[in-house]
J.: 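So that we are looking at the same thing, I have put the structure below in C-alpha cells.
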Amino acid sequence: MATALVCAVVTGVIVTPGVAYADPSPPQRSLEDVHREVEDLYRKAESATDAYNAASEAQSRQEKSIVEIARSVTAAQARMARLKNQAGALARSQYRAGGMPDGARLFFDAAPDSFLDGVSLAHKGEQATRGLLAQVAATQKKLDGYAKAAGERWKKLDSERKKKEDAKKEIETRLKDAKRLEERLEEKERERLRRIEEERAREAQRAWLATEAVKTVTVKEAGANASASASGASSASTTEGGRAVAFATAQIGKNYVWGAVGPDTFDCSGLTLRAWEAAGSAIPRTSQEQWRQLPKVDVKDMRPGDLVIYFKDASHVALYVGDGMMVHAPRPGRQVTMAGAGSMPILGVVRPR
C-alpha cells in the first residue's frame with residue numbers, strides 16, 4: 001500500500017482505492033482546424049453536387065433516347081404489319097391458283113403470245129416477291145436492333161440513376177457533417193469563423209492581384225472602358241457579358257442551395273447558367289461541363305461575363321465582373337455575393353459564346 005501511494009504521489013495524482021477516474025478530455029480543436037474541416041466538407045459536397053447534376057443530365061439524355069427508340073419501334077412495327085398484309089395477299093393469290101408455280105402454269109398456255117407475256121409477268125412477280133421478303137427481313141433486323149439498343153439504354157439509365165442517388169447521399173452526408181460542426185460553435189465563434197474565411201479570401205486575392213497577368217487585365221479593362229466611353233459603343237459579345245453580369249449581381253443576397261437554379265436560390269453553376277441564359281446564350285449546367293465544353297481564354301485576356309473555374313476538379317464557378325472581382329454563390333449557409341476573383345485557386349477561365 002505504501003509503495004502504491006508513493007507511485008501515485010510521484011505521478012502527481014493521488015488515487016483513492018476503488019474509485020475510477022476518466023481520462024482527461026481531449027484538447028479542443030482550434031477554430032483554424034474547424035475552419036479547414038468545414039471548408040473541406042463543403043468542397044466535397046460541392047464536388048458531389050457536380051457529379052449529381054452530371055448524372056441528372058445523363059439520365060435525362062438516356063430517357064430521351066429511350067423515347068426515340070420507342071417511336072422508331074412503333075414505326076417499324078407499323079411497316080412490318082403492312083408488309084405482312086402484302087405477303088398474306090400474295091400467299092392467298094398463290095392459293096387461288098392452285099399452289100402451282102407461275103413458271104409451271106406457263107407451259108400449259110396454248111397461245112405463244114400469251115406465253116411470252118406470262119413469262120414477263122412471272123419474272124416481275126418473282127422480283128416483287130423477293131423484294132417483299134427482303135423488306136420483311138430488313139424491317140425485322142431493325143426491330144431486333146432497336147430491342148438491343150433499348151436494353152443497353154435501360155442499363156445505362158439504371159447506372160446513371162444509381163450514380164445520382166450515391167452522389168445525393170454523399171452531398172447530404174457532407175452537408176450534415178459541416179452543419180453539425182458549425183452548430184457546435186458559439187455564436188461569437190461562428191462570427192470569428194466567418195472572419196477567418198474572409199481574411200483567407202483577402203490574402204489570396206492580394207497575392208493574385210500582385211501577379212503580372214492580373215495587372216495586364218486591369219490595364220486592359222481600364223483602356224477598354226475609356227475607349228467605350230469615348231465611342232459610346234461596345235461589341236455584341238461585351239454586351240452579352242454585361243447582361244450576364246447584370247443578372248448575376250441582381251441576385252446578390254439570395255441563399256445558396258445545392259442543386260438550385262433560381263429564381264430564389266442558386267448553387268454556383270446554377271447562377272452562371274441563369275446569368276448567361278439571361279444574356280441569350282445556353283451553356284452547360286455544371287461547372288465541370290462548363291469548363292470542359294466552353295472555349296478557354298487566358299486569365300490575362302478575360303473580360304466581364306467570363307466564367308472563372310476554381311479548384312483542380314472544376315467544382316466551383318463564378319462570373320467575372322471586372323476590376324479583379326467576381327460574383328458567385330459560395331456554399332450552403334452563405335448568400336450570393338461579390339468577392340475577389342483570386343480568392344480561391346483558379347483552374348482557368350472560359351467564355352460562353
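Please read these numbers as outputs of a predicted model, since none were measured by experiment.
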J.: Sequence neighbours left out, what passes ring pair (Phe, Tyr, Trp, His ring centres under 6.0 Å) with Y256? Give chain and number order.
T.: none
J.: Test of understanding: with side-chain hydrogen bond (donor to acceptor under 3.5 Å, both in side chains), list the residues that count as partners of D298, not counting sequence neighbours.
T.: none
J.: May I ask you to say whether D177 pairs ionically with R180, meaning some side-chain N is under 4.0 Å from a carboxylate O?
T.: yes
J.: Could you tell me which residues satisfy side-chain contact (heavy atoms from CB on, under 4.5 Å) with E199, sequence neighbours excluded, listed by chain and number?
T.: R202, E203, R206
J.: Might you point out which heavy atoms bring L347 and A314 nearest each other, and give the distance in Å?
T.: CD2-CB, 3.8 Å
J.: Please find the pair of heavy atoms, one from E187 and one from R190, that lie closest to each other, and give the distance.
T.: OE1-NH2, 3.0 Å
J.: Any ring pair (Phe, Tyr, Trp, His ring centres under 6.0 Å) pairs touching residues 168-194, not counting sequence neighbours?
T.: none
J.: Is R274 positioned over the aromatic face of F266, cation under 6.0 angstrom from the ring centre and no more than 45 degrees off axis?
T.: no
J.: Check whether any side-chain N or O of Q335 sits under 3.5 Å from a backbone N or O of A329 as a donor-acceptor pair, and report yes or no.
T.: no
J.: To check you understand the geometry: which heavy-atom pair defines the closest contact between T272 and I283, and what is its length?
T.: O-CD1, 3.5 Å
J.: Can you name the closest pair of heavy atoms from Q205 and G342 and give their distance?
T.: OE1-N, 2.7 Å
J.: Got a sec, which pairs hit side-chain hydrogen bond (donor to acceptor under 3.5 Å, both in side chains) with one end in residues 337-352, sequence neighbours left out?
T.: D306-R351
J.: Quick test of your reading of the model: are D267 and R285 salt-bridged, counting only N-O distances below 4.0 Å?
T.: yes
J.: Which pair of heavy atoms, one from A275 and one from L319, lies closest together, and at what distance?
T.: CB-CD2, 4.4 Å
J.: Quick one: side-chain hydrogen bond (donor to acceptor under 3.5 Å, both in side chains) partners of K162, sequence neighbours excluded?
T.: D166
J.: Could you tell me which residues satisfy side-chain hydrogen bond (donor to acceptor under 3.5 Å, both in side chains) with R200, sequence neighbours excluded, listed by chain and number?
T.: E32
J.: Any idea how H316 and Y310 line up, ring-wise: parallel (<30°), tilted (30 to 60°), or perpendicular (>60°)?
T.: tilted
J.: Go through the steps for E57 and T286 under the test side-chain hydrogen bond (donor to acceptor under 3.5 Å, both in side chains), then give the verdict.
T.: CA-CA 9 Å; E57 284 196 347; T286 69; 5.6 Å; no
J.: Residues in side-chain contact (heavy atoms from CB on, under 4.5 Å) with R161, at least two apart?
T.: Q59, E63, W154, L157, D158
J.: Partners of S65 by side-chain contact (heavy atoms from CB on, under 4.5 Å), sequence neighbours excluded?
T.: Q62, R153
J.: Checking side-chain polar atoms at under 3.5 Å, does S269 have a donor or acceptor matched by the opposite partner on Q290?
T.: no
J.: Can you list every ring pair (Phe, Tyr, Trp, His ring centres under 6.0 Å) pair that touches residues 40-83, not counting sequence neighbours?
T.: Y52-W258
J.: side-chain hydrogen bond (donor to acceptor under 3.5 Å, both in side chains) with R36: which residues, sequence neighbours excluded?
T.: D33
J.: Measure from the side-chain N and O atoms of T139 to the backbone N and O of Q135, and report whether any donor-acceptor pair falls under 3.5 Å.
T.: yes
J.: If the condition is side-chain contact (heavy atoms from CB on, under 4.5 Å), which residues does E172 pass it with, not counting sequence neighbours?
T.: K168
